[in-house]
Amino acid sequence: MRSLFRLLAALVLCVQPALAWEYWGGDRGGQRFSPLTQITTDNVGTLVRGWEFRTGDLDARPPEVMKRTKFEVTPLFVEDSLIFCTPFNEVIALDPGTGAQKWRFDPKISMAQRPANRFVCRGVAHWTDDRAAEGATCKSRIFTGTNDTRLIALDARTGKPCADFGNNGEIKIDAGMKLEWPGEFQITSAPVTGRGVVVVGSAIGDNRRVDAPIGVVRAFDARTGQPRWTFDPLVHDSVEAGHSNVWAPMSVDEERGLVFLPTTSPSPDFWGGKRPGNDEHANSVVVLRIESGELAWAFQTVHHDVWDYDLPAQPTLARIDTGNGMRDVVIQPTKQGFVFVLDRDTGKPVWPVEERAVPQNGAEGEKLSPTQPFPTHVPPLLTQRMTADDVGGMLPGVGSAACEKLIAQSRNEGLYTPPSTQGTIVYPMTGGGVNWGSAAFDPVNQILFANVSHAAHVITLIPRDQAKGFNPPPGHDFGQQQGAPFAMSRALASTEVGSPCNKPPWGETVAVDLKAGKILWHATVGTSEDLAPLGIALNTGTPLLSGVAITAGGLVFTGAMDAYLRAFDVKSGRQLWLGRLPVPGVANPMTYLWKGEQYVVIGAGGHSEGGTSIGDSVVAFRLPRQGEGASLLARLIDRPGGRFAAKALAAGVVLIVLVALLWRWRRRRRVEAA
């Protein structure tokens with residue numbers, strides 16, 4: 001029976017691109033699985049850097065602008081090129097074997113717009129026009145969204161705009177209302193394509209106002225740019241709110257003609273008194289017919305969200321063994337650490353989802369849902385409550401008293417404790433759990449992998465009469481929530497030295513057997529090296545916004561908020577290798593085969609919101625060629641703590657030399673005096 005299952009799994013793989021990474025999530029459904037096997041658990045420890053490409057942003061852009069960047073891109077491998085976008089929406093094509101630039105397109109976005117979600121571009125989309133003649137210009141297209149809300153079509157071979165799409169290759173998307181500032185409305189994730197249609201979402205500034213821009217999802221003809229349909233995820237009947245929107249990556253089932261949308265919470269995030277009810281179809285997996293925009297089905301993961309628990313992750317389309325046969329499903333991880341598994345045709349849960357009572361007595365004017373949906377088969381990927389017993393910080397005892405006081409004085413009744421004026425512990429934090437890095441699925445071994453963050457936010461509602469002129473303390477995010485009776489303040493629950501209040505690890509990769517409903521392993525990912533003073537590398541794990549790539553070679557690759565790409569064993573979670581990066585790679589890795597060599601690539605440009613160093617690199621690793629290999633010095637230094645140890649050793653040597661010289665000088669003085 002097991003042999004039969006593996007044969008079926010192999011057949012599933014056969015219908016996917018064998019050697020390429022043609023979509024942001026590896027395939028249209030975001031499985032992030034590659035069948036490549038050249039790099040294995042036995043040889044991954046020998047990987048060397050194949051090449052590094054720098055975009056030039058670090059040298060060309062003002063430092064104050066670079067401080068507002070997030071390099072979260074995952075390149076595509078299409079048309080014999082590696083194609084990606086920079087945080088400033090420049091699209092660049094590289095030679096896959098050398099990293100040399102082949103072409104570059106600059107949309108020339110304004111540096112003064114101050115986008116609400118910072119300068120960021122997670123990726124581009126590729127589409128081939130099967131009606132165009134072979135070799136025709138723009139038969140193969142790259143679609144990219146921009147921080148200034150344009151949708152642009154480029155020839156994938158040359159990077160030149162497709163003149164027949166929109167207005168000379170681009171469409172300017174109208175937010176539908178006057179923006180409070182130019183960066184209130186932007187596009188951050190890659191568009192998706194299917195059946196001749198290109199679909200794009202939007203990212204909208206949170207917590208500025210109740211009457212925020214509408215979160216419309218837009219579809220256009222992929223050839224001409226003519227509008228095809230629009231869809232507003234939020235049903236506005238008796239509801240006063242702007243968006244629910246779709247900022248996260250989407251998925252497509254080409255065969256069924258469906259597009260899968262992970263929708264957000266309505267505006268504003270932390271008080272919903274003007275939007276009574278469950279806010280359909282916010283906080284939902286929404287499935288539309290891609291050619292018409294008609295609603296096929298929707299499943300809501302949070303009712304009446306006041307915690308910013310929107311869906312940040314790409315819906316993963318997979319075929320799984322449920323125990324009652326193979327079934328096409330949608331796997332949706334959440335910020336809370338839940339994993340919802342839904343039938344792909346109907347949206348009904350594959351395994352039971354219970355409505356459970358949750359804490360009540362929200363802020364004045366609030367109308368909370370009495371229950372929330374809880375999956376019962378697949379366990380949460382992380383704990384969902386922080387207590388005084390969980391306080392630890394980076395170093396035992398350092399800042400613990402402040403954290404214990406914070407927990408004692410805040411409202412803290414577990415998951416879904418409503419925001420309050422006294423301050424509410426929201427754990428997992430509003431960044432997850434799982435975030436935009438999404439999950440990965442191994443169709444052969446039927447295992448789901450996801451990166452999770454362990455940290456808490458303190459959300460405080462500020463009465464309107466106190467909000468005017470409110471000066472938030474350092475490290476606090478402040479939102480006016482105009483039109484609501486409360487403004488809001490959000491801060492990481494942290495020690496006096498700035499580390500999360502809860503005990504490490506703060507970031508982990510988790511492996512889940514979906515069929516058995518069992519966590520297989522947790523692996524701590526990341527050290528404090530790029531975040532702590534002096535580059536001290538404690539094995540704390542780091543918050544993990546980005547995701548993983550998995551291979552048939554038995555490997556899980558992931559970046560972190562320290563400057564390393566890591567490889568783990570898919571079976572045990574044991575770390576097998578790490579490769580030094582110029583700055584942290586807070587991006588999803590990918591892999592491809594080029595001229596007989598398998599490469600693993602990650603964007604390494606840091607993350608301004610995460611407090612890391614900032615750069616502008618894309619780095620590729622491969623197996624060593626004849627005569628290649630890392631030097632002993634590199635093997636000692638290019639690992640967590642290596643640079644600190646080298647500096648400490650150098651400082652020690654200098655100190656010893658100085659002491660020796662001082663001793664000799666004093667001895668000479670004594671001899672001369674005698």
Side-chain angles (χ1 to χ4, degrees), residues 116-117 145 149 151 173-177 184-192 194 197-220 227-253 258-270 272 274-315 330 332-335 340 342 347 369 372-373 436 438:
N117 297 280
T149 64
L151 176 63
I173 293 176
D174 184 0
M177 63 185 299
E184 186 179 13
F185 184 84
Q186 62 187 123
I187 300 170
T188 57
S189 291
V192 292
V197 178
V198 55
V199 184
V200 65
S202 62
I204 300 169
D206 286 335
N207 302 310
R208 183 74 175 186
R209 48 181 171 155
V210 170
D211 186 24
I214 302 297
V216 173
V217 179
R218 297 166 174 85
F220 302 90
R228 292 288 292 267
W229 51 261
T230 60
F231 178 81
D232 183 354
L234 186 62
V235 179
H236 288 270
D237 294 346
S238 303
V239 166
E240 187 177 339
H243 57 267
S244 177
N245 56 306
V246 178
W247 65 262
M250 298 172 281
S251 299
V252 171
D253 184 326
L258 300 175
V259 59
F260 295 77
L261 317 177
T263 68
T264 75
S265 50
S267 57
D269 286 334
F270 300 107
K274 291 189 175 182
R275 44 180 173 87
N278 283 350
D279 304 326
E280 287 89 357
H281 299 290
N283 301 87
S284 300
V285 181
V286 176
V287 183
L288 308 178
R289 305 198 184 282
I290 195 168
E291 293 174 287
S292 66
E294 176 190 358
L295 178 67
W297 57 263
F299 180 88
Q300 191 169 60
T301 60
V302 181
H303 309 317
H304 191 82
D305 183 8
V306 291
W307 304 274
D308 194 19
Y309 279 158
D310 54 2
L311 290 183
Q314 181 180 22
V330 184
Q332 183 64 61
T334 73
K335 288 182 177 180
F340 291 90
L342 311 172
S369 172
Q372 293 291 347
W436 54 263
S438 313

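By convention here, the first residue in the shown sequence is residue 1.
The distance from atom OG of Ser284 to atom CZ of Phe340, rounded to the nearest 0.5 Å, is 10.0 Å. Between atom CH2 of residue Trp307 and atom NZ of residue Lys335 there is a gap of 13.0 Å, rounded to the nearest 0.5 Å. Interatomic distance, CD of Glu240 versus NZ of Lys274, reported as 4.5 Å (0.5 Å rounding).
A donor-acceptor pair is defined here as one N or O able to donate and one able to accept, closer than 3.5 Å; such a pair exists between the side chain of Gln300 and the backbone of Ala282. Judged by distance alone, the side chain of Thr263 and the main-chain N or O of Asn283 form a donor-acceptor pair under 3.5 Å. Remark: the backbone N or O of Thr264 is paired with a side-chain donor or acceptor of Ser244 at under 3.5 angstrom. Proximity of a side-chain donor or acceptor of Arg275 to a complementary backbone N or O of Pro268 within less than 3.5 Å is detected. Although no hydrogens or angles enter the test, the distance criterion places a donor-acceptor pair under 3.5 Å between the side chain of Asn245 and the main chain of Ser202. Side-chain atoms of His304 come within 3.5 Å of backbone N or O of Gly277 as a donor-acceptor pair. In this structure a side-chain-to-backbone donor-acceptor pair under 3.5 Å is missing from Trp229 to Val217. Without hydrogens or angle criteria, Ser189 side chain to Trp247 main chain gives a donor-acceptor distance under 3.5 Å.
The two residues Leu234 and Ala241 make their nearest non-hydrogen contact at CD2-CB, 3.9 Å. Contact between Ala203 and Asn117 at its shortest, heavy atoms only, is CB-ND2, 3.5 Å. Annotation for Ala248 and Leu311: closest pair CB-O, 3.7 Å, computed over non-hydrogen atoms. What you find for Pro191 and Val198 is that their closest heavy atoms are CB-CG2, 3.9 Å. Taking both residues in full, the closest heavy atoms of Val330 and Phe260 are given as CG2-CE2, 3.5 Å, listed atom of the first, atom of the second, then distance. Nearest heavy atoms, Ile214 versus Gly242: CD1-O, 3.4 Å.
Looking only at side-chain heavy atoms (C-beta outward), Thr301 and Tyr309 stay at 4.5 Å or farther from each other. Side-chain contact between Leu151 and Phe220 is present, with at least one heavy-atom pair separated by less than 4.5 Å. The closest side-chain heavy-atom distance from His243 to Pro266 is not below 4.5 Å. Inter-residue side-chain proximity for Trp436 and Thr188 is flagged as unmet; no heavy-atom pair is nearer than 4.5 Å.
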Could you go through residues 204-213 and list every donor-acceptor pair under 3.5 Å that involves a side-chain atom there, pairing it with any protein atom two or more places apart or in another chain?
| from | atom 1 | to | atom 2 | distance (Å) |
| --- | --- | --- | --- | --- |
| Asn207 | OD1 | Asp269 | N | 3.0 |
| Asn207 | ND2 | Asp269 | OD2 | 3.4 |
| Arg208 | NE | Glu180 | OE1 | 2.5 |
| Arg208 | NH2 | Glu180 | OE1 | 3.3 |
| Arg209 | NE | Glu184 | OE2 | 3.0 |
| Arg209 | NH1 | Asp211 | O | 3.4 |
| Arg209 | NH2 | Lys178 | O | 3.3 |
| Arg209 | NH2 | Glu184 | OE1 | 2.9 |
| Arg209 | NH2 | Glu184 | OE2 | 3.1 |

